[in-house]
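Structure, as structure tokens:
Order of listing sets the numbers, starting from 1, for every ligand and every atom in it.
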Amino acid sequence: METLVVDHPLVAHKLTVLRDADTDSPTFRRLADELVTLLAYEATRHVRVSEVTVKTPVAPAKGVRLAHPHPLVVPILRAGLGMLDGMTRLLPTAEVGFLGMIRNESTLQAETYATRLPDDLSGRQVYVVDPMLATGGTLAAAIEFLFERGADDVTAICLLAAPEGIAYMDAAFAGSGRPIRLVTAALDERLNEHGYIVPGLGDAGDRLYGVV
Ligand SMILES: O=P(O)(O)OC[C@H]1O[C@H](OP(=O)(O)OP(=O)(O)O)[C@H](O)[C@@H]1O
Ligand SMILES: O=c1cc[nH]c(=O)[nH]1
Ligand SMILES: [Mg+2]
């Protein structure tokens with residue numbers, strides 16, 4: 001997996017506030033939204049475009065437009081929903097598909113409880129959004145769904161990633177011949193004995209949508 005850790009002072013600043021256990025849910029949601037837009041700027045560097053010519057009030061100008069079919073954005077529920085608006089702000093014409101997945105906190109295995117994706121993803125560029133790449137089980141299962149439907153160009157955007165998750169993804173898709181990109185704000189130290197990212201930011205879903 002090709003991994004890009006976005007090195008930018010504004011990303012680092014927002015991520016630091018996001019990590020802080022004293023940051024409340026409304027602020028956490030706003031920061032997650034702002035961060036995804038910054039990460040999406042890098043993640044969409046390879047978005048497909050086609051050449052067009054428009055007429056300015058003065059003369060014809062050559063330019064580009066997003067190629068058809070437009071990209072598909074897939075938030076992994078629940079926590080990935082906190083990154084959807086930031087993505088669609090940058091890609092307003094993207095289609096949106098949904099995957100509902102939850103990690104069993106005893107086994108750390110990902111379980112899927114909802115799937116709402118287009119049947120045929122051949123030729124589509126897909127952007128998967130989920131704040132946390134921990135063991136990698138959830139993201140790997142999500143990308144398997146996308147590959148089964150024909151996707152061959154998948155970029156994951158995660159706020160935080162653990163080295164264990166990246167290693168898991170590399171092993172899971174080694175030799176698949178289908179490139180996968182990861183864009184993240186930080187690569188943390190490790191996972192703890194409960195499968196949480198250290199230092200991480202805690203449970204992203206609870207911090208976005210849980211009762212405080
Ligand atoms: O890399 P993994 O070890 O699979 O863990 C990462 C997953 O865990 C979190 O979701 P969670 O299962 O807590 O569901 P939620 O979004 O409903 O909170 C997170 O948003 C990822 O989807
Ligand atoms: O650190 C972690 C790991 C998995 N899921 C989270 O929300 N946080
Ligand atoms: Mg959670």
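Side-chain atoms of Asp130 do not come within 3.5 Å of backbone N or O of Ile76 as any donor-acceptor pair. Between the side chain of Asp188 and the backbone N or O of Gly200 there is at least one donor-acceptor pair closer than 3.5 Å.
With a 4.0 Å heavy-atom cut-off, ligand 1 is reached by the backbone of Thr138 and by its side chain too. If you look at Ala204 next to ligand 1, there are no close heavy atoms at all, none under 4.0 Å.
Of the polar atoms of Ala204, at least one N or O is found under 3.5 Å from an N or O of ligand 2, judged by distance alone. For ligand 2, one of its N or O atoms has an N or O atom of Ile197 under 3.5 Å away. Of the N or O atoms in Leu133, none lie within a sub-3.5 Å distance of an N or O in ligand 1. Of the N or O atoms in Met132, none lie within a sub-3.5 Å distance of an N or O in ligand 2. Here's the thing with Gly195: none of its N/O atoms is less than 3.5 angstrom from an N/O atom of ligand 1. For a threshold of 3.5 Å applied to N or O pairs, the pair formed by Leu139 and ligand 1 contains no separation below that value. In terms of polar-atom proximity, defined here as any N/O pair under 3.5 Å, Arg103 does make such a contact with ligand 1. Residue contacts with ligand 1: Tyr113 is placed with no nitrogen or oxygen under 3.5 Å of a nitrogen or oxygen of the ligand (distance criterion only). The shortest N/O to N/O separation between Asp130 and ligand 1 falls below 3.5 Å.
Listed by number with element, the atoms of ligand 2 under 4.0 Å from a non-hydrogen atom of Arg103 are 3 (C), 4 (C). Close approach of ligand 1 to Ile102 is summarised as follows: ligand atoms under 4.0 Å from at least one heavy atom of the residue are 12 (O). Numbered from 1 in the order shown, with element, the atoms of ligand 2 that lie under 4.0 Å from a heavy atom of Ala134 read 3 (C), 4 (C).
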- request: List the steps and the verdict of side-chain contact (heavy atoms from CB on, under 4.5 Å) for Leu159 and Met132.
  value: CA-CA 6 Å; Leu159 300 183; Met132 311 302 272; 5.5 Å; no
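A cation-pi geometry, defined here as NZ or CZ lying under 6.0 Å from the six-membered ring centre and within 45° of its normal, does not hold between Arg181 and Phe173.
A donor-acceptor pair shorter than 3.5 Å can be found between the side chains of Asp24 and Thr27.
Protein heavy atoms come within 4.0 Å of atom 19 (C) of ligand 1. Protein heavy atoms are absent from the space less than 4.0 angstrom from atom 10 (O) of ligand 1.
Summary of contacts: the protein heavy atom closest to atom 2 (C) of ligand 2 is Tyr196 CD2, 3.4 Å.
Inspection of the environment of the Mg ion (ligand 3) yields the following protein N, O or S atoms under 2.8 Å: Asp203 OD1.
The closest approach between Gly202 and ligand 2 falls below 4.0 Å for a heavy atom of the residue.
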